[in-house]
Amino acid sequence: MSTDWKQRTKLVHGGTRRSQYNEVSEAIFLTQGFVYDSAEQAEARFLEAGPDEFIYARYGNPTVAMFEGRIAALEGAEAAFATASGMAAVSAALMACLKAGDHVVAARALFGSSLYVLEELLGRYGVEVTFVDGLDLDQWRDAIRPDTALVFFETIANPTLEVIDLPAVAELAHAVGARVMVDNVFVTPVHSRALSQGADVVVYSATKHIDGQGRALGGVILGSEEFIRKVIEPYMKHTGGAMSPFSAWVMLKGLETIALRVRAQIEGASHLATALQGHPKLLRAIYPGHPDHPQHALAMRDMGMGGTVISLDLKDGQEAAFRFLNALTIAVISNNLGDAKSIATHPATTTHQRLSDDQKVTLGITPGLVRFSVGIEDPEDLLADVLAALDAA
């Protein structure tokens, strides 16, 4: 693959491997294992497999390798490892590089399952985790210690859409030799600059945006060749969270159109956010791409856009939020995001329901908060749908 290719060309052609049949669309290698020409070849491959040699689907597969190569080229990473889901990527990336006695500093505004891994699982295995307000650099500075091994945060927080200053946090972490790991889902790989801005490891739920069409689960961990091959790959080989070949093929097809879909989604989100500012039924319409957002300048500096999701905080709480959700006719009620279809979610009772009331208050997850993932529908149709639903609320 040419290193001079522009982004959209990489998304169509990056990582492609053709069989002896020279197929146009990438082949799906639905096999659990591979045949060796001799016992000597089997022994050699188990000692060290080459870049186009495979042993077992849990270790690697040609279709999965194509997806890993393409997403690594898009992200500007040396290597990638594809996982069975987004949470498989988050949990593996954390568990593989931490041990008892390590110290982690994490932003407290995280997806509920990520909080569970940090609060419950890592603590169970002797890892100390300190949570901070991700927007407060002084809290990062006070929490990061000489023995801190890793910092972890979402670049745009789910679902309150806070934007964390990645370069500033990375500078603090790297000063003590800590690894910087970010969940970059809301930024999308199309607009990611995370590695160049100081992240050492980037994780995605490929279910969002990358597939982006509600078909398959998947995740991916990206970083240096050394980190992926020597830290992540051994962990994944022995714990079994690898992506299936069929899912990898779905993700490859998704990458071909992700730039076009994300551009349309961002245009729709920006249109909605502008139109809904100051609506009488809303306490706030939250969108990093709008000038009223507290971190708007930071979002423009680091990502150049506001993302595909807006959050609406309805004045009359959960009852109003439920009336709003039930009145939508285009957007569907679900708990995914980054899809071609617009999706509305009530975080307090679904994705973040396991949090205590105090935690929800601290994170800004109010009873009236609705996360609205903008699809690729016509922005005017979406706006009419949202306005009618707000009237019903």
Side-chain angles (χ1 to χ4, degrees), residues 1-3 5 9-85 88-89 91-93 95-97 189 195 200-204 206 210-211 216-256:
M1 184 186 76
S2 172
T3 56
W5 284 352
T9 308
K10 291 178 182 178
L11 287 169
V12 176
H13 298 287
T16 298
R17 300 165 182 249
R18 288 191 170 89
S19 76
Q20 69 271 32
Y21 300 110
N22 277 327
E23 59 279 345
V24 172
S25 182
E26 295 82 0
I28 309 174
F29 291 89
L30 287 177
T31 179
Q32 97 290 357
F34 302 85
V35 175
Y36 311 106
D37 294 334
S38 65
E40 289 80 8
Q41 186 187 62
E43 178 189 32
R45 195 166 297 182
F46 266 79
L47 287 171
E48 185 175 5
D52 205 33
E53 295 179 335
F54 301 94
I55 297 171
Y56 193 61
R58 179 158 46 86
Y59 296 12
N61 170 283
T63 311
V64 177
M66 282 191 273
F67 169 65
E68 291 168 342
R70 188 169 297 178
I71 188 69
L74 173 61
E75 189 72 26
E78 292 179 1
F81 198 101
T83 63
S85 69
S91 59
M95 300 288 284
C97 66
L195 292 173
D200 301 299
V201 183
V202 178
V203 295
Y204 288 102
I210 294 172
D211 169 30
L217 294 175
V220 65
I221 306 166
L222 300 113
S224 68
E225 184 77 24
E226 181 178 17
F227 179 77
I228 297 298
R229 299 281 84 88
K230 294 184 179 179
V231 178
I232 297 300
E233 189 174 293
Y235 180 90
M236 297 303 294
K237 280 182 178 180
H238 300 297
T239 56
M243 181 179 282
S244 75
F246 181 77
S247 294
W249 182 81
V250 171
M251 300 305 169
L252 276 166
K253 296 292 97 182
L255 281 177
E256 290 182 351

**Q** From Met66 CE over to Asn61 CG, what is the distance, rounded to the nearest 0.5 angstrom?
**A**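 Spacing of CE (Met66) from CG (Asn61) equals 8.0 Å.
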
**Q** Determine the minimum heavy-atom distance between Met95 and Tyr235, stating which atoms define it.
**A** CB-OH, 3.5 Å

**Q** Looking at every non-hydrogen atom in both residues, tell me the closest pair between Ala242 and Ala57 and how far apart they are.
**A**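 Heavy atoms of Ala242 and Ala57 come nearest at CB-O, 4.3 Å.
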
**Q** Report the distance from atom OG of Ser244 to atom CZ of Arg58, rounding to the nearest 0.5 Å.
**A** 15.0 Å

**Q** Grab the two heavy atoms, one from Ser25 and one from Trp249, that are nearest each other, plus how far apart they are.
**A**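 Closest pair (atom of Ser25, atom of Trp249, distance): OG-NE1, 3.8 Å.
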
**Q** Among Glu26, His13, Glu75, which one satisfies side-chain hydrogen bond (donor to acceptor under 3.5 Å, both in side chains) with Arg70?
**A** Glu26

**Q** Going from CG on Leu252 to CD1 on Ile210, what distance comes out if it is rounded to the nearest 0.5 angstrom?
**A**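 CD1 of Ile210 is found 10.5 Å from CG of Leu252.
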
**Q** Kindly indicate whether the side chain of Phe227, heavy atoms from C-beta on, has any atom under 4.5 Å from the side chain of Val201.
**A** yes

**Q** Return the minimal non-hydrogen interatomic distance between Ala216 and Val250, and the atom names on each side.
**A** CB-CG1, 4.1 Å

**Q** Would one find more than 12 heavy atoms of other residues, nucleotides or ligands at under 6.0 Å from atom CZ of Phe54?
**A** yes

**Q** Shortest non-hydrogen contact from Ala92 to Ile232?
**A**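 Shortest heavy-atom separation between Ala92 and Ile232 comes out as O-CD1, 4.1 Å.
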
**Q** If we only count heavy atoms from C-beta on, is the Phe246 to Thr63 side-chain gap below 4.5 Å?
**A** no

**Q** Tell me, yes or no, whether the heavy-atom count around Glu23 atom CD, taken from other residues, nucleotides or ligands under 6.0 Å, exceeds 12.
**A**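 Atom CD in Glu23 is packed in, count exceeds 12.
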
**Q** Does anything in residues 229-248 pair up under salt bridge (Lys or Arg N to Asp or Glu O under 4.0 Å), and if so which pairs, sequence neighbours excluded?
**A**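 Residue pairs with at least one partner in residues 229-248: Glu225-Arg229, Arg229-Glu233, Glu233-Lys237.
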
**Q** Nearest 0.5 Å, please: how far is CZ in Arg45 from OH in Tyr59?
**A** 13.5 Å

**Q** Hey, does Leu11 have a side-chain heavy atom less than 4.5 Å from the side chain of Glu256?
**A** no

**Q** Just wondering, do Ile228 and Glu78 contact through their side chains at under 4.5 Å, heavy atoms?
**A**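 Side-chain contact under 4.5 Å: no.
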
**Q** Can you check whether Ser247 reaches Phe67 side chain to side chain, under 4.5 Å on heavy atoms?
**A**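 No; the side chains remain at least 4.5 Å from each other.
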
**Q** How far does CG of Leu74 sit from CG of Leu255, to the nearest 0.5 angstrom?
**A** 6.5 Å

**Q** Heavy atoms only: give me the nearest Ser224-Ala79 pair and the separation to one decimal.
**A** O-CB, 4.3 Å

**Q** How long is the gap from CE on Met251 to CD1 on Ile71, to the nearest 0.5 Å?
**A**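 Output value for this atom pair is 10.0 Å.
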
